[in-house]
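First up is the structure itself, then whatever we jot down about it.
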Amino acid sequence: MIGVSGLSVTLGEREVLSDVTLQVRRGEWLAVIGPNGAGKSTLLKAVMGIVGHRGEVSIDERPAASLKPRARARLVAYAPQTPALPPDMTVSEYALLGRTPYIPYLGRESRHDREVTASVLDRLDLSSFAARRLGELSGGERQRVVLARALAQQAPVLLLDEPTTALDLGHQQQVLELVDRLRLADGLTVVSTLHDLTVAGQYADTLLLLAEGRAAAHGKPVQVLTGALIGKHFDAHVKIEPGPDGRPVVHLIRGGP
């Protein structure tokens, strides 16, 4: 569903990404992990087409560069980590913006658009906030509203930049479980950045470890979440144990090297 070949991004005089190549199959969840400054968010922005890049990006076997904005928006939804939220816009109005690719120019949203938006707000436990203004929300509430707008888009590819940032533990699980259910039910393809390595290993099918703008490892969670790789690229002393379902759980060890 997503193909990336030889992707490089230079911001200012710094090469943030260098020669990254990957493929994400339809219905797969890829989690991009790595230390701060590794280029994780930039990778998502390059796939979305909002930063310039060298190399090739394809979406559903079509060159991304050839897609017009509305066509791309019907294929890919993007939830940034720190979006600009108009403080006077209501939660419902903002989430409804996800339906923009389906609303005719100079047209208005349909009943179906409103129903889709209301359903997404309900799934994210935001129905009671529908009339609240964005400027009145907490950080975790705003995070869920950003995800609601992306889900309302009903695109087959979902790009999530740190979707659980600022969420409490319960809402973290709620959001991740919802994304996973949608992926399995609708064949949604998900690419997310996640800083919690255990969470990434629990939910994603495959992991991409970025370090200094390059792909340091790519494979199943058990192949990427190893003590050697985490120690080398995160400078952390950890213990890896299998969880109840066999997926790796990462424990920090006090008094590491």
Side-chain angles (χ1 to χ4, degrees), residues 2 4 7 9 11 16-17 20 22 24 28-51 76-85 94-95 98 120 123-126 134 137-153 155 157-183 188-213 215-218 221 224-225 230 233-234 236 247-250 252:
I2 300 175
V4 173
L7 184 72
V9 176
L11 299 177
V16 180
L17 290 174
V20 175
L22 63 95
V24 188
E28 184 179 25
W29 187 335
L30 169 71
V32 184
I33 61 173
N36 291 340
K40 302 185 296 296
S41 296
T42 302
L43 175 60
L44 264 60
K45 291 176 182 178
V47 172
M48 192 62 198
I50 54 180
V51 297
V76 184
Y78 171 57
Q81 185 176 351
T82 54
L85 300 180
Y94 183 79
V120 169
R123 287 176 167 182
L124 287 171
D125 197 21
L126 287 169
L134 298 179
L137 303 180
S138 69
E141 291 161 354
R142 288 195 296 270
Q143 193 78 13
R144 281 184 286 149
V145 171
V146 172
L147 180 60
R149 173 178 172 170
L151 291 176
Q153 210 165 315
V157 176
L158 187 58
L159 305 180
L160 305 175
D161 194 1
E162 297 289 358
T164 57
T165 297
L167 297 183
D168 60 42
L169 190 62
H171 281 118
Q172 283 185 39
Q173 188 174 44
Q174 182 186 58
V175 164
L176 293 166
E177 290 290 340
L178 172 59
V179 171
D180 200 40
R181 286 198 303 273
L182 290 172
R183 177 179 72 93
L188 197 67
T189 303
V190 180
V191 180
S192 64
T193 63
L194 288 167
H195 72 275
D196 188 313
L197 301 182
T198 294
V199 167
Q202 292 297 306
Y203 283 92
D205 298 306
T206 57
L207 303 182
L208 170 67
L209 171 58
L210 289 180
E212 298 181 345
H218 183 207
V224 177
L225 296 180
I230 294 173
H233 296 293
F234 289 86
R247 288 175 174 250
V249 176
V250 180
L252 284 174

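Here, residue 1 is the first one in the sequence, and each next residue gets the next number.
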- Item | Gln202 atom CD: more than 12 heavy-atom contacts under 6.0 Å | yes
- Task: Determine whether more than 12 heavy atoms belonging to other residues, nucleotides or ligands lie under 6.0 Å from atom CZ of Arg247.
- Result: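 Counting other residues, nucleotides and ligands, CZ of Arg247 exceeds 12 neighbours.
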Can you check whether [X] reaches [Y] side chain to side chain, under 4.5 Å on heavy atoms?
X      : Y      : answer
Arg142 : Leu134 : no
Leu176 : Trp29  : yes
Glu162 : Lys40  : yes
Ile33  : Leu225 : yes
Leu137 : Leu85  : no
Leu43  : Leu208 : yes
Val179 : Val190 : yes
Ile2   : Val76  : no

Heavy-atom pair with the smallest gap, counting every atom of [X] and [Y]:
X      : Y      : value
Ala46  : Val9   : CB-CG2, 4.2 Å
Leu209 : His233 : CD2-CD2, 3.7 Å
Ala150 : Ala77  : O-CB, 3.4 Å
His171 : Asp168 : N-OD1, 2.8 Å
Leu126 : Ala148 : CD1-CB, 4.2 Å
Ala38  : Leu210 : CB-O, 3.4 Å

- Item | Pairing residues for Asp205 by the salt bridge (charged side-chain N to carboxylate O under 4.0 Å, His left out) criterion, not counting sequence neighbours |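 Scan of Asp205 (salt bridge (charged side-chain N to carboxylate O under 4.0 Å, His left out), adjacent residues dropped) gives Arg183.
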- Task: Show your reasoning for whether side chain to side chain contact (heavy atoms under 4.5 Å, CB included) applies to Leu197 and Phe234.
- Result: CA-CA 11 Å; Leu197 301 182; Phe234 289 86; 3.9 Å; yes
Quick one: pull up [atom1] in [X] and [atom2] in [Y] and give me the separation to the nearest 0.5 Å.
X      : Y      : atom1 : atom2 : value
Gln172 : Leu194 : CD    : CG    : 9.5 Å
Thr165 : His195 : OG1   : NE2   : 6.0 Å
Thr82  : Asp161 : OG1   : CG    : 7.5 Å
Leu44  : Leu159 : CG    : CG    : 5.0 Å
Leu124 : Glu141 : CG    : CD    : 12.5 Å
Leu207 : Leu30  : CG    : CG    : 7.5 Å

- Query: So Leu167 and Gln173, side chain to side chain contact (heavy atoms under 4.5 Å, CB included) or not? Walk me through it.
  - Reply: CA-CA 9 Å; Leu167 297 183; Gln173 188 174 44; over 6 Å; no
- Message: If you apply the rule side chain to side chain contact (heavy atoms under 4.5 Å, CB included), what do you find for Leu147 with Val175, and how did you get there?
- Response: CA-CA 9 Å; Leu147 180 60; Val175 164; 3.2 Å; yes
- Item | Steps toward side chain to side chain contact (heavy atoms under 4.5 Å, CB included) verdict (Val51, Val16) | CA-CA 11 Å; Val51 297; Val16 180; over 6 Å; no
- Determine yes or no for a side-chain-to-main-chain donor-acceptor pair under 3.5 angstrom, with Thr193 supplying the side chain and Val32 the backbone. no
